[in-house]
Amino acid sequence: MRGLAGKAVLITGAGRRRGLGEGIALRFVQEGAHVMIADLDRPQGDQFPEHGVPAQSEMDALVAYLNECGPGSAAAITCDVRQEEQVAAAVAATVSAFGGVDVLINNAGVGYLMSPIVDTDLADWDVVLGVNLTGTFLAAKHAGKQMIRQGRGGRIINISSQGGKSGFPHAGAYVSSKHGVIGFTRTAAIEFGPHDITVNAVCPNHVTTGLGSWQNDYFSELLGQTLEEYMDGMLSRIPLGRNGLPADIAGTCAFLASDDAAYISGDALNVSGGEETH
Ligand SMILES: NC(=O)c1ccc[n+]([C@@H]2O[C@H](COP(=O)([O-])OP(=O)(O)OC[C@H]3O[C@@H](n4cnc5c(N)ncnc54)[C@H](O)[C@@H]3O)[C@@H](O)[C@H]2O)c1
């Protein structure tokens, strides 16, 4: 992919094995880029449980694995994307490790605090909006400032979702946050464009990551279906006849960060096997 070798890339929420973030980081390292992973380093209470957040050992193992997959390299920093000073520190760590920030990928997300609107706790709503939307804003703010200071352009890629285009039951906070990410992307594209920084959103449908697998269990139970029935129903709606893979999302991110996507900005690309078409 043209233009990725040697680039400094910051990816939030990429500390879990088999997550979309791992797939994206792997692709960039294989392209010769240098990747800083910014993620929580341990589960914390009910809102950041084991099925949502990596252990420090998991993040360390991922960095070691990525460093074996060069020509690029990887490092990690502990970061809660809701905390502005931690986001600023993650940007600074990327600059000091890799000489700048050329690409930001806002991948951190909470997609497991599901409930009907009438039963949703404000505290859960705040966590989902805080990570998915406020975290995207904070990282774009600080990485964007750095890109402007560098004066060599840049790329900001926000991982939204099919939930950024359509509604899903029990996902009021998630769907609102992911629609918000697309709105934020459109404004950021206008503001950052004059600095040759493109800003785009990527909208995957279903990928069976750790989060994806938790959602499969949740929604199959909600619909009174077996897991197999639920997965079959999902596949029947996807014209290409298979679920997405982390590599599908990674390839889209690599393209958007490459020289070939220099004139694409303010878009929200579906990566959904043809399921989502608007
Ligand atoms: N898997 C899917 O089917 C799917 C579909 C559409 C969109 N997405 C989006 O893709 C992204 C990655 O999802 P995934 O499936 O790989 O899930 P995942 O659970 O493996 O990854 C989410 C990551 O976000 C991190 N995170 C949570 N709160 C954080 C915080 N406060 N600060 C920093 N990091 C935090 C978690 O620790 C985790 O590593 C998410 O934004 C998700 O909403 C996933």
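When a residue number appears, it is its place in the shown sequence, counting from 1. First listed ligand is number 1; within each ligand, the first listed atom is number 1.
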- Message: Under a plain distance cut-off of 3.5 Å, with no hydrogens placed, do Asn200 and Asp267 share a side-chain donor-acceptor pair?
- Response: no

- Task: Have a look at Asn107, Val87, Val53 and point out the one with the heavy atom closest to atom 11 (C) of ligand 1.
- Result: Asn107

- Item | Element-labelled atoms of ligand 1 that are located less than 4.0 Å from some non-hydrogen atom of His206 | 3 (O)

- Message: Assess whether a salt bridge exists between Arg152 and Asp102, defined as any Lys/Arg side-chain N lying under 4.0 Å from an Asp/Glu carboxylate O.
- Response: yes

- With heavy atoms and a 4.0 Å threshold, my read on which part of Arg18 contacts ligand 1 is neither

- Query: Of all the atoms in ligand 1, which lie at a distance below 4.0 Å from a heavy atom belonging to Gly52?
  - Reply: 19 (O), 36 (C), 37 (O), 38 (C)

- Message: For atom 37 (O) of ligand 1, what is the closest protein heavy atom, and at what distance to 0.1 Å?
- Response: Asp39 OD1, 2.7 Å

- May I ask you to check if ligand 1 and Thr209 share an N or O to N or O distance below 3.5 Å? yes

- Query: Side chains of Arg149 and Gln146: donor-acceptor distance under 3.5 Å anywhere?
  - Reply: yes

- Message: Please list, in number order, the atoms of ligand 1 under 4.0 Å from a heavy atom of Val131.
- Response: 28 (N), 29 (C), 31 (N)

- Query: Per the side-chain contact (heavy atoms from CB on, under 4.5 Å) rule, which among Leu256, Thr198, Val199 passes with Ile264?
  - Reply: Leu256

- Message: For Cys79, which part has a heavy atom under 4.0 Å from ligand 1: side chain, backbone, both, or neither?
- Response: backbone

- Does the side chain of Asp39 reach to within under 4.5 Å of the side chain of Pro54, using non-hydrogen atoms? yes

- Message: Using modelled atom types and a 3.5 Å cut-off, is there a donor and acceptor pairing between side-chain atoms of Ser220 and backbone atoms of Asp217?
- Response: yes

- Message: Any donor-acceptor pair under 3.5 Å linking the side-chain atoms of Ser272 with those of Asn205?
- Response: no

- Item | Protein heavy atom at shortest distance from atom 7 (C) of ligand 1 | Ser160 O, 3.2 Å

- Closest non-hydrogen protein atom to atom 42 (C) of ligand 1, residue and atom name please, with distance? Tyr174 OH, 3.6 Å

- Short N or O distance, Val81 and ligand 1, threshold 3.5 Å exclusive: yes

- Query: atom 19 (O) of ligand 1: which protein heavy atom is closest, and how many Å away?
  - Reply: Arg16 NH1, 3.0 Å

- Item | ligand 1 contact by Lys178, heavy-atom criterion under 4.0 angstrom | yes

- Query: Looking at Pro54, which atoms of ligand 1 are within less than 4.0 Å of one of its heavy atoms?
  - Reply: 37 (O), 39 (O)

- List the closest protein heavy-atom neighbour of atom 17 (O) of ligand 1: residue, atom name, distance to the nearest 0.1 Å. Leu211 CB, 3.3 Å

- Looking at ligand 1, does Gly111 have a heavy atom less than 4.0 Å from it? no

- Among Lys165, Gln162, His278, find the one that has a side chain to side chain donor-acceptor pair (under 3.5 Å) with Asn270. Lys165

- Message: Can you report which non-hydrogen protein atom sits closest to atom 4 (C) of ligand 1, along with the distance?
- Response: Asn205 O, 3.9 Å

- Task: Please indicate whether Gln44 has more than 12 foreign heavy atoms, meaning atoms of other residues, nucleotides or ligands, lying under 6.0 Å from its CD.
- Result: yes

- Item | Expected output: side-chain Arg82 to main-chain Val127 donor-acceptor under 3.5 Å | no

- Item | Side chain to side chain, Asp248 and Arg242, heavy atoms closer than 4.5 Å | yes

- Task: For atom 29 (C) of ligand 1, grab the closest protein heavy atom and report residue, atom and distance to one decimal in Å.
- Result: Leu40 CD1, 3.6 Å

- Message: Can you tell me how the ring of His51 sits relative to the ring of Tyr112, calling it parallel under 30°, perpendicular over 60° and tilted otherwise?
- Response: perpendicular

- Item | Contacting atoms of ligand 1, where contact means under 4.0 angstrom from a heavy atom of Phe48 | 28 (N), 31 (N)

- Task: Pull out every atom of ligand 1 sitting under 4.0 Å from any heavy atom of Gly19, numbered as shown with elements.
- Result: 16 (O), 20 (O)

- So which heavy atom in the protein is nearest atom 44 (C) of ligand 1, and how far is it from that ligand atom? Leu20 CD1, 3.7 Å

- Item | Arg17/Glu22 ion pair, N-O < 4.0 Å | yes

- May I ask you to decide if the ring planes of Phe137 and Phe184 are parallel, tilted or perpendicular, using 30° and 60° as cut-offs? perpendicular

- Which one holds for Cys203 and ligand 1: side chain close, backbone close, both close, or neither close, with close meaning a heavy atom under 4.0 Å? neither

- Message: Could you check whether any heavy atom of Asp80 sits closer than 4.0 Å to an atom of ligand 1, since that is the contact criterion I want to use?
- Response: yes

